Amino acid sequence: MRKLVLAAALSGTMVTLAACSGGADEAAEAEAPTAVETTETTEAAAEAAVLDAGTATVEQLAAVEGVSEELAAAIVAGQPYASVTDLNAKLLETLSAEEAAAVLENVFIPVNLNTASKEELRLIPGMTDKMEHEFEEYRPYADMSEFDREIGKYVDEAEVARFRNYVTL
């Protein structure tokens, strides 16, 4: 039996096509439905994982690994935050730099792509010097699809989706 399976991710949807050729004995196998599967996109999964510290509740924050009830209350008491640097300063009052960075992976104040300072960009989890340069190089961004296209030249779709959790226009 010869079998060809083609999978392509199209705008967050996984499409799987199967083609079989062979004799009648393989008919039962070929009757398995051709799969067109929709899977949860990396972007949707990642978006649910990052809380906006400017609007999150004590209960939501306390459910995040590394955030105690006391820290959650302190974060809420500091709302609204003008920037992620303000949130980071609040975290550093009680956490080490490493612990604060770990919290910022799941609790963040989105940075404006067109106006963010270098300090704000550096606080984006996983940001490298090269990516910081690329984020700045394409300013101003007209819309998020432009961000996806330009940053997608340097990282894969999953990483672009992950970065989108931390940015806004």
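Keep in mind the model is a prediction, meaning the values are calculated, not measured.
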Would a distance-only check, ignoring hydrogens and angles, find a side-chain to backbone donor-acceptor pair under 3.5 Å from Asn114 to Arg139? no
Determine whether Arg162 and Val50 make a side-chain contact, defined as any pair of heavy atoms from C-beta on separated by less than 4.5 Å. no
Atom CE of Met127 and atom NE2 of His133: how far apart are they, to the nearest 0.5 Å? 12.5 Å
Measure up the Phe108 and Tyr166 rings against each other and bin them: parallel (under 30°), tilted (30 to 60°), perpendicular (over 60°). perpendicular
Under 3.5 Å, is there a donor-acceptor pair between the side chain of Gln79 and the main chain of Ala53? yes
Restricting to non-hydrogen atoms, name the atom on Leu104 and the atom on Pro125 that form the minimum distance, rounded to 0.1 Å. O-CG, 3.5 Å
Report the C-alpha separation of Glu120 and Thr115 in whole Å, then their side-chain angles, then the decisive distance to 0.1 Å, and conclude whether the side chain to side chain contact (heavy atoms under 4.5 Å, CB included) test is met. CA-CA 10 Å; Glu120 290 172 317; Thr115 62; 5.8 Å; no
Is there a side-chain contact between Glu150 and Glu134 in this structure, where contact means two heavy atoms from C-beta onward sitting under 4.5 Å apart? no
Should we count CD of Glu137 as having more than 12 external heavy atoms under 6.0 Å? yes
Looking at OG of Ser117 and CG of Asn112, how far apart are the two atoms once the value is rounded to the nearest 0.5 Å? 11.0 Å
Going from OG1 on Thr128 to CZ on Phe135, what distance comes out if it is rounded to the nearest 0.5 angstrom? 9.0 Å
Mark yes when over 12 heavy atoms from residues, nucleotides or ligands other than Asp129 sit less than 6.0 Å from its CG; otherwise mark no. no
OH (Tyr154) and CZ (Phe163) are apart, to the nearest 0.5 Å, by 13.0 Å
As an exercise, state the distance from CG of Leu123 to CD1 of Ile109, rounded to the nearest 0.5 Å. 11.5 Å
Is there a path of hydrophobic side-chain contacts, each under 4.5 Å between heavy atoms of I/L/V/M/F/W/Y residues, joining Leu92 to Val84? no
Closest heavy-atom contact between Ala56 and Val76? O-CG2, 3.6 Å
Heavy-atom distance under 4.5 Å between the side chains of Asp148 and Arg164, does that happen here? yes
Is a salt bridge present between Glu93 and Lys90, judged by a nitrogen-to-oxygen distance below 4.0 Å? yes
About how many Å separate CG of Asn106 and CD of Gln60, when rounded to the nearest 0.5 Å? 13.0 Å
Heavy-atom side-chain proximity of Leu95 to Leu71 below 4.5 angstrom: yes
Apply side chain to side chain contact (heavy atoms under 4.5 Å, CB included) to residues Glu146 and Asp143 and explain how you reach the verdict. CA-CA 6 Å; Glu146 182 180 2; Asp143 54 40; 3.7 Å; yes
Closest approach of Ala72 to Ala62 (non-hydrogen atoms, all atoms of both residues): CB-N, 3.7 Å
Heavy-atom side-chain contact between Glu99 and Leu91 under 4.5 Å: no
Kindly determine whether Glu119 and Arg122 satisfy salt bridge (charged side-chain N to carboxylate O under 4.0 Å, His left out), including the steps that lead there. CA-CA 5 Å; Glu119 184 179 7; Arg122 285 186 189 128; over 6 Å; no
